[in-house]
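Data block below; observations after.
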Amino acid sequence: MSLPSDLSLLHESVWHWAEHTPEAPAVVGSSGALSYSALALKAGRVARMLQDLGFSRGARAALLMDGSVECCVGMLACLRAGGCYLPLGVGNPPARLAAVIRDAEPEAVMTVSALVPLLAQALELAGVCPKAVIVLDGPPEPGEGGAPALTCRMLVPADFIHAPAPRPCPSIGSDLAYILYTSGSTGVPKGVMVRHDNARAYLGWMARHFGISPADRLSGHASPTFDISVHDIFGAFFSGASVHPLETPAQKAFPGPFIAARGITCWNSVPSVIAMMVRSRQLTPGAFPSLRLAVFAGEPLAPGLAKAWLDALPHCELYNNYGPTETTIVVTAHKVVQVDLGKPVPIGRPTSPTECLILSPGSMLPAGPGLPGRLFVRGAQVSAGYWRRSELTQKAFVSNPLQPDINDILYDTGDLAYRDESGVIHYVGRADNQVKVRGYRVETGDVEAALASLPGVVEAAVLAVVGRDGAELAACVSGPAAGVPDPEDALLRALAEALPAYMLPHQVYFFDELPKNGNGKTDRKVLLGQVEALMREQAEQH
Amino acid sequence: MSQKTMDDLAAFIGQTLKAANLGPDAGMGRTRGWDSLAHVNLILALETWAGVPVPPELMGELTTLETLADWLRAQGVLTQ
């Protein structure tokens, strides 16, 4: 049984399946599972409480929690109440969380008891007091070491366990479903606004293309701050299947036993996970007989990793997908059937709701086959732009130069790509300083701004280098080394107060002065050469 | 195989993760630089350092200084 086509909102599938297959598992966590009827009931109660608090169409609720049963309840409650959700990264330091909270001004924040102390710190730093903090799994333990007390109104399950059914959802398809914050080039994170329509368009394609059925069990490896979590969670809900969040760092690093124990049929993660599985001897021939589909996205899939996967699991379809957050999860997909070790794995063809245009930088006309150009995306998955950043939105979401007379918006991905003779798209690289570190987007300017704010730092530049595990960040600074016993450790400790772990540089190099070009600006090309020479020296010493 | 001490283990982990002053509560997710990918690298380096292979099914469980030390003691690598 498929979903009726008139369901236009992201969450509506859950209530559909709650009516038609109420006992089917929807989300399975380590401490228990919720069927579709139980999930709808629980999320509905929280939604009603949100509505009673005045949460209505267009409202925002932040979610500070990792992938879990509670996280699914929280997301659905926000949507069912008529608002949108915005995930906060649990690995972020309080200062970074505070910056997002100040920017988004959420009406409510949902979390779990273990994270209440972190949330209290973030809210205090932000100077923001939402209408309520909702702790979805029960009251927090009193007196967590040194954390400030929560000064906002706190609600726990006892407050909403008897809530009546929610009032009708006021949303329409063009309303926002979620806001995802990504690294911003000036040091301030930016929120990408995604509508119900955008996500619905992707999920419809996903269900058809991958043949997702109620029998499928989808993995939930990604953090909710990462939009491939929408593929996992709402991709499962769209088709009446179940999602299985990986809830601990150990499960995420060593997913093999989890895949086997849960009988996962559809895997989705960043490709770095394959590298971890190969090196830790989890990817062995014939492993994971339940897996029928593996989808990788978020960063380039190295041909060696693709080959390792195909060699070990020939029974499992392998896909290399591509898509910026601004164009909703994935916009191109490539089924990998054979790998040429000397060539990058293509990113494939566009999803049916989208069109990819590769335009020559100078002429802005379509680049011919084999010729690289800038990749633009148009169609139903192009999101609504950046939250409260109209200038940035106008810069990245541009009028179609090929059809200037109609209101046709293209998203400028900033990626360089080419189309081969058969129409398959190949990723070439970035046109700017954005880097992907294990699937996380990092604007080097964001890290540079944080470095420059540290005491003693005179100059800072952050470069992308190729390390043992793929792209890594190398920080180059002048100033702070003198008189500090362990300057790298001191600098990284200070930086960890401001940035999430994935944005911390892997290496720090200290210079008396950074090299300059003729305009007096840091010469990044020369600097990269110097850093690569230092890396070679370090490798030889080991 | 020469026996190693808890201090040796803490120093080895600190050096591998480039984290100074590793406390007794160090572990994946709570020590800077000890994330999932770093943990895989750490386990592989530890196999060489300790001279014993870590069974894949245990790799996801030995995620703190304390659990690693307990396991290495049971293998006779670390002094009691």
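Quick note on labels: first sequence line is chain A, next is B, and so on, each numbered from 1.
Counting heavy-atom pairs closer than 4.5 Å to chain B, the top-ranked of the candidates Arg281(A), Lys252(A), Gln251(A) is Arg281(A). Comparing Met28(B), Glu57(B), Met59(B) by how many heavy-atom pairs each has under 4.5 Å with chain A, the most go to Met59(B). When each of Val40(B), Leu62(B), Ile43(B) is scored by its heavy-atom pairs under 4.5 Å with chain A, the top score falls to Val40(B). The most heavy-atom pairs under 4.5 Å with chain B, out of Arg493(A), Gln282(A), His506(A), come from Arg493(A).
The contact between Ala496(A) and chain B is made entirely by side chain atoms (from C-beta outward), counting heavy-atom distances below 4.5 Å.
Counting only heavy atoms from C-beta outward, the side chains of Arg279(A) and Asn41(B) approach each other to under 4.5 Å. The shortest side-chain heavy-atom distance between Asp35(B) and Tyr502(A) does not fall under the 4.5 Å cut-off. Residues Phe254(A) and His39(B) are in side-chain contact: their nearest non-hydrogen atoms beyond the backbone lie under 4.5 Å apart.
A 6.0 Å sphere centred on NZ of Lys307(A) holds no more than 12 heavy atoms belonging to other residues, nucleotides or ligands. By the 6.0 Å contact criterion, CD on Glu66(B) is open, its count of non-hydrogen atoms from other residues, nucleotides or ligands being 12 or less.
Shortest non-hydrogen contact noted between Pro249(A) and Ser36(B) is O-CB, 4.1 Å. Of all the heavy atoms in Ser280(A) and Pro56(B), the pair that sits closest is O-CB, 3.8 Å.
Remark: Gln507(A) engages Tyr509(A), Gln538(A), Lys18(B) in a side-chain contact (heavy atoms from CB on, under 4.5 Å) (not counting sequence neighbours).
Near-neighbour residues of residues 269-278 of chain A relative to chain B, defined by a heavy atom under 4.5 Å from a heavy atom of that chain, comprise Met276(A).
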